[in-house]
Amino acid sequence: MADVAVVGAGLGGLAAAARLAKLGHHVTVFERLDAAGGAMRPVESAGYRWDGGPTAVTIPAVLRDLFRKSGRPIERYVDLVARDVARRHVFADGAVVDLPVGSRGPQIAAVDAGLGPGAGGKWAAYVDAQTETWETLRTLVLDPPAGGLAYADPVVAKRLGARTTVAKLAKRAFKDERLRTMAVHQVVAAGSLPRDVPAYGAVEPYLERSFGVWDVRGGMRSLVEALVIRLDERGVEVVYDTEIAAVHTEADAVSGVETVSGTFHTAQVAVTDLDPRAVFGRLLRHPAAEAGRRIFEVATPATPMAVTHLGLRGDVPALPAEVVLHGDPLIVITTTDAAPAGCRAWSVRHRGAPGEDIVVTMVGRGLDVRHLVVARLERDAVTQIRATGASAYGLAWAGHRAQARRAALVQPLRGMHLVGSGVHPGAGIAYVGWGAAHVAARMGKA
Ligand SMILES: Cc1cc2nc3c(=O)[nH]c(=O)nc-3n(C[C@H](O)[C@H](O)[C@H](O)COP(=O)(O)OP(=O)(O)OC[C@H]3O[C@@H](n4cnc5c(N)ncnc54)[C@H](O)[C@@H]3O)c2cc1C
């Protein structure tokens with residue numbers, strides 16, 4: 001049995017802690033703030049409660065596996081609700097596509113209905129082409145505990161189409177600019193440029209079509225609460241209001257962690273759920289940190305979209321769970337946040353230069369809710385990054401080679417593991433959950 005210190009109680013830290021405790025290790029989680037969840041914590045005002053970061057789950061199998069492997073099925077704790085429509089796309093010319101999930105035929109029909117005959121077939125072909133890419137990614141990169149090393153294999157890189165980019169893929173596939181923006185908007189929303197994203201970044205629409213898009217009833221807070229209960233059941237101590245300043249080593253292995261107030265906790269294993277630039281730049285006191293510093297100090301954080309949380313009362317337009325208003329700024333509205341009876345809570349995320357209040361910009365895009373706003377909370381990118389100490393979108397994509405170099409650094413020395421949005425396999429609930437599973441697989445039973 002190892003003494004494990006998990007640093008940070010974001011999803012990555014919570015998931016790693018639950019899995020390692022189930023394997024019989026003695027786990028303590030240290031969290032800088034007074035509650036768990038990191039970017040998944042809600043923000044509240046005037047009786048409204050909005051998800052502060054993630055709003056939807058894709059590849060729910062990763063969460064299901066986490067709960068099953070750490071104790072009991074997820075259904076005992078959390079209600080995952082499948083969306084019928086992944087999101088509504090609204091284009092500058094007024095065209096609208098309500099993109100369903102689950103299967104090919106309904107997607108073709110919806111895209112044809114919104115963008116004209118033939119558009120659906122083109123969209124389906126683009127999504128179909130990701131089938132093989134996903135199989136390669138899953139079996140060679142995501143499932144194996146050291147799968148990140150496979151990125152450096154030229155054969156794997158070729159199978160993944162790593163030499164081309166999502167931008168080129170979309171340009172080749174579509175003449176219709178609306179289909180192009182539909183294909184790349186998630187990359188843009190998550191803080192990267194499509195020309196920096198290797199082609200395998202285009203698997204997201206395939207994953208949504210195949211495995212659905214899911215909301216968590218009660219918001220992401222419910223998922224965090226379930227994980228905290230799970231840790232309690234497994235005897236994991238979560239120490240709040242405690243920031244870790246250093247990971248110490250002895251004889252080329254982790255020996256413990258030190259809090260900012262100088263208290264030392266012995267541990268043979270440290271799992272950090274932090275920005276890797278902080279881990280390699282400040283926390284890890286060992287020559288092995290130098291390689292990480294070189295790779296990560298040139299990385300750019302994937303800046304979160306600014307968000308305007310709205311509390312609405314009155315005759316609020318009925319919209320799907322997510323609506324994308326394409327254009328500049330790109331606007332993504334989620335409509336499932338918690339509100340007092342008879343009211344609705346929306347989160348309006350936007351990227352680009354509005355040049356005016358975002359609620360006014362929305363009027364120009366056909367959505368006028370100015371007279372319905374009774375509560376409002378603004379959170380720009382800096383506020384969101386300060387809240388967790390890192391961008392919950394992790395680091396911006398910087399091509400395949402950078403991806404391969406970063407992926408090789410999840411276990412820089414004996415007893416040290418990195419999880420979270422900033423490290424392999426990347427940001428997003430599913431990928432961060434996968435990273436935690438890798439740590440458990442590398443460590444094994446106590
Ligand atoms: C706007 C936005 C929308 C998103 N939407 C989605 C979505 O819809 N679906 C999806 O799957 N993903 C989404 N993501 C990504 C998702 O939020 C993250 O991948 C996920 O929350 C995992 O976060 P994490 O494990 O990296 O930890 P974080 O949430 O970054 O948490 C890190 C924790 O570590 C703590 N900490 C920091 N430093 C220290 C220290 N020195 N000592 C102790 N504790 C410390 C912090 O306080 C924090 O609690 C979104 C991200 C953003 C920014």
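Counting starts at 1 for both ligands and their atoms, in listed order. Here the structure is a predicted model, which means the values were calculated and not measured.
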Visitor: Just jot down the ligand 1 atoms closer than 4.0 angstrom to any heavy atom of Leu33, in number order.
Guide: 47 (O)

Visitor: Considering the heavy atoms of Thr242, write down every atom of ligand 1 situated less than 4.0 Å from one of them.
Guide: 43 (C)

Visitor: I want to know if ligand 1 touches Ala427 in the polar sense, i.e. an N/O pair below 3.5 angstrom.
Guide: no

Visitor: Establish, yes or no, whether a centroid distance under 6.0 Å links the rings of Tyr151 and Tyr200.
Guide: yes

Visitor: For Gly12, counting its heavy atoms only, list the atoms of ligand 1 lying under 4.0 Å from any of them.
Guide: 25 (O)

Visitor: Is the closest heavy-atom distance from Arg349 to ligand 1 below 4.0 Å?
Guide: yes

Visitor: So for Ala56, does at least one of its heavy atoms come nearer than 4.0 angstrom to any atom of ligand 1?
Guide: yes

Visitor: Tell me: protein heavy atom nearest atom 13 (C) of ligand 1, and distance?
Guide: Pro54 CB, 3.4 Å

Visitor: I need the atoms of ligand 1 closer than 4.0 Å to a non-hydrogen atom of Gly420, numbered in the order shown.
Guide: 25 (O), 26 (O)

Visitor: Without swapping roles, check the side chain of Ser210 against the backbone of Leu207 for a donor-acceptor pair under 3.5 Å.
Guide: no

Visitor: Backbone, side chain, both or neither: what part of Leu274 comes under 4.0 angstrom of ligand 1, heavy atoms only?
Guide: side chain

Visitor: Give a yes or no on whether a salt bridge exists between Asp34 and Arg41, defined as a side-chain N under 4.0 angstrom from a carboxylate O.
Guide: yes

Visitor: Can you name the atoms of ligand 1, numbered from 1 with element, that are less than 4.0 Å from a heavy atom of Val432?
Guide: 19 (O), 22 (C), 25 (O)

Visitor: Looking only at protein heavy atoms, which one is nearest to atom 15 (C) of ligand 1, and how far off is it?
Guide: Ala392 O, 3.3 Å

Visitor: Can an N or O of Ile429 be found at a distance shorter than 3.5 Å from an N or O of ligand 1?
Guide: yes

Visitor: List the closest protein heavy-atom neighbour of atom 49 (O) of ligand 1: residue, atom name, distance to the nearest 0.1 Å.
Guide: Glu31 OE1, 2.7 Å

Visitor: With atoms numbered from 1 as shown, which atoms in ligand 1 lie under 4.0 angstrom from a non-hydrogen atom of Phe30?
Guide: 43 (C), 44 (N)

Visitor: Backbone N or O of Pro320 within a donor-acceptor pair of the Thr335 side chain at under 3.5 Å?
Guide: yes

Visitor: In terms of residue, atom name and distance, what is the protein heavy atom nearest to atom 22 (C) of ligand 1?
Guide: Ser421 OG, 3.5 Å

Visitor: I want to check a possible cation-pi pair here: Arg19 against Trp434, using under 6.0 Å from ring centre and within 45° of the ring axis as the test.
Guide: no

Visitor: Within the 4.0 Å heavy-atom shell around Glu243, which atoms of ligand 1 are there?
Guide: 40 (C), 41 (N), 42 (N)

Visitor: With sequence neighbours left out, write down each residue that passes ring-ring contact (aromatic ring centres under 6.0 Å, His included) with Phe264, or none if nothing qualifies.
Guide: His248

Visitor: Please work out, at 4.0 Å between heavy atoms, whether the side chain, the backbone, both, or neither of Met305 comes within that distance of ligand 1.
Guide: neither

Visitor: Measure the distance from atom 44 (N) of ligand 1 to every protein heavy atom, then report the residue, atom name and distance (to 0.1 Å) of the closest one.
Guide: Arg32 N, 3.1 Å

Visitor: Run the contact test for Gly53 against ligand 1 with a 4.0 Å cut-off on heavy atoms, strictly below, and give the result.
Guide: yes

Visitor: Taking the six-membered ring for Trp, are His185 and His89 parallel (under 30°), tilted (30 to 60°) or perpendicular (over 60°)?
Guide: perpendicular

Visitor: May I ask whether Asp273 places a heavy atom under 4.0 Å from ligand 1?
Guide: yes

Visitor: Please check if the side chain of Ser421 supplies one atom and the backbone of Gly394 the other of a donor-acceptor pair under 3.5 Å.
Guide: no

Visitor: Please classify the Val419 to ligand 1 contact at 4.0 Å (heavy-atom distances, strictly less than): side chain, backbone, both or neither.
Guide: neither

Visitor: Taking only heavy atoms of Gln384 into account, list the atoms of ligand 1 that are under 4.0 Å away from them.
Guide: 1 (C)

Visitor: Determine whether the side chains of Glu322 and Thr334 contain a donor N or O and an acceptor N or O closer than 3.5 Å.
Guide: no

Visitor: Is there a polar contact, in the sense of an N or O pair closer than 3.5 Å, between Tyr393 and ligand 1?
Guide: no

Visitor: Out of Arg83, Arg88, Arg87, which residue meets the salt bridge (charged side-chain N to carboxylate O under 4.0 Å, His left out) rule with Asp98?
Guide: Arg88

Visitor: Would you call Arg414 and Asp252 a salt bridge, using N to O less than 4.0 angstrom?
Guide: no

Visitor: Judging by distance only, is a nitrogen or oxygen of Gly428 under 3.5 angstrom from one on ligand 1?
Guide: yes

Visitor: Would Asp275 and Arg282 pass as an ion pair if we require N to O under 4.0 Å?
Guide: no

Visitor: With only distance considered, is Ala390 within less than 3.5 Å of ligand 1 through an N or O on each side?
Guide: no

Visitor: Going by the angle between their ring planes, with limits at 30° and 60°, are Phe211 and Tyr206 parallel, tilted or perpendicular?
Guide: perpendicular

Visitor: Does His424 have its ring centroid less than 6.0 Å away from the ring centroid of Tyr431?
Guide: no

